[in-house]
Amino acid sequence: MQRYYLTTPIYYVNANPHLGHAYTTIAADVAARHMRQRGADVFFLTGTDEHGSKVARAAEREGVEPQAFVDRVSSVFRQLAHDVNATNDFFIRTSDAEHEAFVQRFVERMKDAGDIYESTYAGLYCTGCEAFYTDADLVDGRCPQHGTVPEHLEERNWFFRLSAYADRLLARYEAAPEFVLPRVRANEARAFIEGGLEDISLSRASIEWGVPVPWDSGQTIYVWIDALINYASALTYARPGDDLTARYWPPRWQMLGKDILKFHAVIWPAMLMSAGLALPDQLLIHGYLTVRDAKMSKSVGNVLDPFLVIDRYGLDALRYYLLRDVRFGGDGDVSYERVHARYNQELANDLGNLVSRTVAMIGRYREGVVPGGTTDSTVAAAIISAAEQFAARVDRLELTDAIDAAWQVVRDLNRFVEDRAPWTLAKETTRAVELDNVLYTLADGIRAVAVILASAMPDACARVLATLGAPPGVAWSQAAPGLLAALAVTQPAGPLFPRIDDALGA
Ligand code: ME8
């Protein structure tokens, strides 16, 4: 059986989540659900990153203890994962005692490997990024991500000998050209390594809110080192009494935004080499959701509220919109207007109407019972091809193209109804067999589309299957034509995606 360990970044709890966080979690969830449909043994991890100065300062601003603060905000992120219907198998928090103990063992191994030494760091630090910068990294003296002036730091730190790993990292990129996808991000990471790697701080002297360095209680482990290790620690305690490492390590897919490429594509693999652990198979880097071309971020204050979209259009519309409107991998502008337009055009009209018309015709012409028949050969071929393409595209995490492959069948079925005009056939008793075949093709085609799209829109697809009187299972073997049982009794329900007139934010 194929094993798929799949991760999202763990999100900072300095502020509440926004659509950008929902985006990565939803994309990973689609991949996780789809691989489960194909029978893989999947473990899907998400969670929160809770240490470091950024979080400690946010707690201080609220005048609460860091632990109380992170407990509260982490629970909002956990709720978001739940509200977007993510099927994560565990939710890790870096303040978990098991994680902290694991981090200490991990850095001990790096030290045993001879990769850690003591020195003085003198340079710049951006708390927003939790990252060390050189003058050359800045734009007009400011952090390239936050536009803020970084602080000058000078402190005794423990260092990780990252520079020693440059050749081994490049060898990995050479040996596994798809280690980082899309290719443009792999090139970026390689260029960074080729430009020369400097050793990095592994600890901080002045930050109390963190995991103590095991051999030096005056220092805490740098928040990024602590955070990256979550991907390994989680497997050791997600199921008490059952260490899942042997079963799932290394990760098959690690998904993240391009903002944190360097940490994942350079520092993380070097840490794993140092600690003697296998490297992930693939890092999948997506772009930014932008609003009027600026990265959506809490500090800029230009966020789209996922909860508002869910309230107005439903969760599956949000999931669909995010995957469909922004080509997965690239940047993409999002807006309430675009959510609205896609919802009415594609979900309410293309898919929703197709389902209601089909069920209504089976009701009117065949008393609500799906007649025996055969799926039209052109439609059958379209279903086979869509299922193949959907799977192949998810394999490359081309999620937008995957959806598009499935939508081709929706378009074909809409054309098929117009071409065959069942309302005309119904007027001629001599054409009853033809009508049976047309109705069967429509119902069976919609069923197959619902199976194919179940990972993207789980609730809507379950409703479609129930409406058609089809069994609820979405195993990938069902993503094929001709599998709807004759005499299935349809269960007419309200519209799948009712048309909505008022746009949000209009
Ligand atoms: O970086 N568009 O946490 P974070 C697309 N704790 N994705 C976005 C986004 C946007 N506008 N905004 C956020 C951290 N994201 C660290 C990670 S991992 C060991 C530690 C998503 O809360 C995207 O996945 O800043 C991005 O990489 C991540 O949230 C950053 O979340």
Side-chain angles (χ1 to χ4, degrees), residues 26 29-30 32-34 36-37 82-87 306-307 309-324 339-340 342-364 366-370 375 383 386-387 390 402-403 406-414 417 439-481 483-500:
I26 288 172
D29 186 57
V30 173
R33 285 175 183 266
H34 174 78
R36 287 194 202 101
Q37 283 185 269
H82 175 268
D83 289 348
V84 300
N85 217 342
T87 53
F307 297 104
V309 174
I310 295 171
D311 276 356
R312 176 74 54 101
Y313 301 95
L315 169 64
D316 281 344
L318 173 69
R319 292 175 61 111
Y320 173 82
Y321 171 76
L322 288 176
L323 294 169
R324 182 69 192 79
V339 176
H340 187 75
R342 285 218 186 254
Y343 175 88
N344 276 334
Q345 183 54 46
E346 291 160 28
L347 295 179
N349 202 40
D350 296 353
L351 181 59
N353 271 350
L354 176 68
V355 175
S356 3
R357 287 173 91 182
T358 299
V359 172
M361 288 189 292
I362 294 172
R364 196 171 314 131
R366 293 296 181 261
E367 292 170 352
V369 176
V370 177
T375 300
I383 292 169
F390 191 94
I403 302 270
W407 221 257
Q408 190 55 48
V409 181
V410 174
R411 285 189 285 263
D412 288 350
L413 288 171
N414 275 312
V417 189
L439 294 177
Y440 183 81
T441 296
L442 289 169
D444 185 51
I446 293 169
R447 178 202 58 78
V449 169
V451 173
I452 296 173
L453 284 174
S455 55
M457 298 193 283
D459 288 344
C461 291
R463 282 183 58 194
V464 169
L465 294 177
T467 302
L468 294 171
V474 291
W476 201 245
S477 56
Q478 299 298 307
L483 298 180
L484 181 61
L487 306 186
V489 181
T490 59
Q491 312 286 330
L496 190 59
F497 295 107
R499 204 186 152 77
I500 292 173

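Nothing here was measured: the structure is a model prediction, and the numbers come from that model.
- Using a 4.5 Å heavy-atom threshold, the side chains of V417 and L413 count as separate.
- Side chains of I403 and V30 form no contact here, defined as non-hydrogen atoms less than 4.5 Å apart.
- The heavy-atom pair separating Q37 from V451 by the smallest distance is NE2-O, 2.9 Å.
- In this structure, the side chains of Y313 and Y320 stay at 4.5 Å or more apart for every pair of heavy atoms.
- Taking CD1 of I452 as the start and CD1 of I383 as the end, the distance is 7.0 Å to the nearest 0.5 Å.
- The shortest side-chain heavy-atom distance between V84 and L315 falls under the 4.5 Å cut-off.
- Ring geometry for H34 versus F390: interplanar angle of 30 to 60°, hence tilted.
- In this structure, N344 contributes its side chain and R499 its backbone to no donor-acceptor pair below 3.5 Å.
- A side-chain donor-acceptor contact under 3.5 Å links Y343 to the backbone of P498.
- For the side chain to side chain contact (heavy atoms under 4.5 Å, CB included) test, residues two or more places apart in sequence or in another chain that qualify with D412 are A382, Q408, R415.
- Of the candidates I446, V464, L468, V359 forms a side-chain contact (heavy atoms from CB on, under 4.5 Å) with just one, namely L468.
- The two residues L351 and F497 have their closest heavy-atom pair at CD2-CE1, 4.1 Å.
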Legend entry - side-chain contact (heavy atoms from CB on, under 4.5 Å) assessment of M457 paired with L347: CA-CA 11 Å; M457 298 193 283; L347 295 179; 3.9 Å; yes

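- Residues in residues 463-479 take part in no side chain to side chain donor-acceptor pair (under 3.5 Å) pair, two or more places apart or across chains.
- Considering every non-hydrogen atom in both T490 and V370, the closest pair reads CG2-CG2, 4.0 Å.
- Expressed to the nearest 0.5 Å, how far CD of E346 lies from CZ of R324 amounts to 5.5 Å.
- Of the inter-residue distances, the one linking L442 atom CG with L484 atom CG reads 11.5 Å to the nearest 0.5 angstrom.
- Here the closest non-hydrogen pair linking A448 and A480 is CB-O, 4.2 Å.
- The list of salt bridge (charged side-chain N to carboxylate O under 4.0 Å, His left out) pairs with a residue in residues 440-458, not counting sequence neighbours, reads D444-R447.
- Looking at heavy atoms from C-beta onward, R33 lies in side-chain contact with N85 at the 4.5 angstrom threshold.
- The two atoms that bring D459 and D316 nearest to each other are N-OD2, 3.0 Å, heavy atoms only.
- L453 and A406 get closest at one heavy-atom pair: CD2-CB, 3.6 Å.
- Remark: I362 CD1 to T358 OG1 distance equals 6.5 Å, nearest 0.5 Å.
- Side-chain N or O atoms of R342 include none that pairs as donor or acceptor with a backbone N or O of A317 at under 3.5 Å.
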